[in-house]
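Throughout, protein chains are lettered first and strands after them, A, B, ... in sequence-line order, and every chain is numbered starting at 1.
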Number of protein chains: 2
Amino acid sequence: MSEKMDRRQARTKQLLNKALMELIEEKGTDGVTVTDIATRADINRGTFYLHYRDVPDMLEQIKEEVFVNIEKCILQLDINEVIKNANTGKPYPISVMIFEEIARHADFLKVMFGPKGDLSYAIRFRNFMATHIFNKLSYLQPAEDNFLIPRDYLIAYMSSANFGMLMHWLESGMKQTPYQMGLIMTQIALHGPIASAGLKSN
Amino acid sequence: MSEKMDRRQARTKQLLNKALMELIEEKGTDGVTVTDIATRADINRGTFYLHYRDVPDMLEQIKEEVFVNIEKCILQLDINEVIKNANTGKPYPISVMIFEEIARHADFLKVMFGPKGDLSYAIRFRNFMATHIFNKLSYLQPAEDNFLIPRDYLIAYMSSANFGMLMHWLESGMKQTPYQMGLIMTQIALHGPIASAGLKSN
DNA sequence: TTTATTAATGAACATCATGTTGATTAGCGA
DNA sequence: TCGCTAATCAACATGATGTTCATTAATAAA
């Protein structure tokens with residue numbers, strides 16, 4: 001990743017990357033051809049193959065890089081700490097950090113989680129959130145069998161809900177700051193959706 | 001749709017349909033070629049073009065047909081009625097009916113909402129649920145400005161959450177009956193996710 | 001600055017799926 | 001039975017693919 005690279009390689013990689021971004025924004029994940037990318041980047045088509053095997057391979061590498069960055073942030077978050085510290089009107093700092101990292105890759109994620117996006121990528125994020133955030137909720141820990149509804153459905157519910165808000169943030173133009181998004185998530189994790197409506201803490 | 005069709009047309013359409021289903025299950029929404037479908041269906045490739053313009057066109061027609069069927073069911077549901085009648089231990093009948101309709105198209109939807117699926121289709125369903133179910137929740141109606149968190153995020157939360165449970169149902173092998181799924185949805189709509197954990201109404 | 005290295009170019013090529021056409025065969029409905 | 005039309009088959013031009021090789025140009029290191 002960070003190994004020193006020949007300037008020429010770095011340059012073409014960057015041009016190819018930029019071209020791909022523009023094209024999937026226009027035509028969606030599929031339907032983008034090597035010829036498209038090379039033409040747009042003003043790079044010889046053959047040069048593409050010196051860097052990537054084909055278009056899916058290129059996309060896969062970018063997806064991986066973005067995922068790893070966000071993964072690092074999410075792994076630092078402990079949902080039970082979020083709830084404990086939520087009495088203050090402030091969001092848990094790490095949740096803000098997560099939204100900042102997402103904002104950093106907003107252009108890419110907006111496409112990947114939009115209508116022309118990649119469902120496998122969305123599911124990967126959702127499942128990661130399910131495993132590393134909501135699976136650890138303390139009030140889901142004890143009596144596995146005593147739930148009103150099955151535990152896995154509760155986790156599917158909460159991870160999908162939060163991922164859905166993330167999607168909504170991206171697709172509605174990111175009008176909230178990462179700080180505000182952290183606050184929203186904290187509130188709804190604390191009170192649930194019902195109590196979070198109509199009750200203004202002033 | 002139901003106009004009487006030449007037996008030959010009906011036969012080929014059915015064979016093409018079956019072949020497409022098998023192929024997107026194997027290779028995903030994209031990557032399926034006309035040649036693939038024709039070969040699998042044991043139909044002349046040229047014949048495909050007598051029925052559909054190309055593969056995306058064929059997929060679009062199937063998507064539309066399935067969506068319309070489920071749409072009809074969802075439009076009959078009034079979320080506020082669901083909550084009113086939820087004191088009984090029974091699910092609201094129409095919500096059961098919706099899951100029955102989904103089960104009827106399970107093979108198709110399992111693929112479309114799975115990792116190789118179609119994000120635009122998933123978003124279409126989610127948005128439809130947002131508009132025609134959760135947008136009508138009575139406790140979201142009155143004071144637009146007095147919410148702890150923005151109204152559109154609440155709706156994104158709830159529609160995504162419920163759609164996520166639907167996805168989970170499909171991908172985990174539909175171990176629950178439509179009746180049980182109706183019950184789960186009703187409970188969680190009533191109490192929210194937090195209260196739905198650990199509290200068994202016995 | 002010079003030099004060896006290597007990235008990028010440009011052209012050519014075989015391959016494969018596409019979408020279309022026209023002639024022919026086979027099946028259907030009346 | 002007969003007219004209609006769906007399905008077949010073969011052929012074709014087109015365009016993207018992935019690969020190769022000789023050539024040019026940029027780079028890093030001496």
Could you tell me how far apart [X] ([atom1]) and [N] ([atom2]) are, to the nearest whole angstrom?
{"X": "A:I43", "N": "C:dG10", "atom1": "CD1", "atom2": "P", "answer": "10 Å"}
{"X": "B:D42", "N": "D:dT8", "atom1": "CG", "atom2": "P", "answer": "8 Å"}
{"X": "A:D54", "N": "C:dC16", "atom1": "CG", "atom2": "C1'", "answer": "15 Å"}
{"X": "B:N44", "N": "C:dG19", "atom1": "CG", "atom2": "P", "answer": "15 Å"}
{"X": "B:R53", "N": "C:dT20", "atom1": "CZ", "atom2": "C1'", "answer": "15 Å"}
{"X": "B:L23", "N": "C:dA17", "atom1": "CG", "atom2": "P", "answer": "13 Å"}
{"X": "B:Y52", "N": "C:dG19", "atom1": "OH", "atom2": "P", "answer": "15 Å"}
{"X": "B:D36", "N": "C:dC16", "atom1": "CG", "atom2": "P", "answer": "13 Å"}

Of the candidate nucleotides [options], which contains the atom at the shortest distance from the side chain of [X]?
{"X": "A:T35", "options": "D:dT17, C:dT9, D:dT8", "result": "D:dT17"}
{"X": "B:T33", "options": "C:dA17, C:dG29, D:dG18", "result": "C:dA17"}
{"X": "B:R8", "options": "D:dA7, C:dA7, D:dC9", "result": "D:dA7"}
{"X": "A:Y49", "options": "D:dG18, C:dC28, D:dA16", "result": "D:dG18"}
{"X": "B:R45", "options": "D:dA7, C:dT20, C:dT9", "result": "C:dT20"}
{"X": "B:T47", "options": "D:dA7, D:dA6, C:dT9", "result": "D:dA7"}

*N/O donor-acceptor pair under 3.5 Å between A:K116 side chain and A:E26 backbone*: yes

*Do B:K13 and B:N17 come close enough that some side-chain heavy atom pair is under 4.5 Å?*
no

*Counting just side-chain N and O atoms, does A:R7 come under 4.0 Å of either OP1 or OP2 of D:dA28?*
yes

*Given D:dA6, is OP1 or OP2 found less than 4.0 Å from the side-chain N or O atoms of B:H51?*
no

*Say you draw a straight line from NE2 of A:H105 to NZ of A:K63; how long is it, rounded to the nearest 0.5 Å?*
15.0 Å

*asked:* To the closest 0.5 Å, what do you measure between CD1 (A:I37) and CZ (A:F48)?
replied: 4.5 Å

*Looking only at heavy atoms, what is the nearest atom pair of B:M165 and B:I184, with distance?*
SD-CG2, 4.1 Å

_A:G164 versus B:S160, closest heavy-atom pair with distance_ = CA-OG, 3.2 Å

*Check whether the ring centres of A:F134 and A:Y157 lie less than 6.0 Å apart, and answer yes or no.*
no

*Between the two ends of the helix from C:dT1-D:dA30 to C:dA30-D:dT1, what is the bend in degrees, rounded to 10 degrees, where each end axis spans five pairs?*
40°

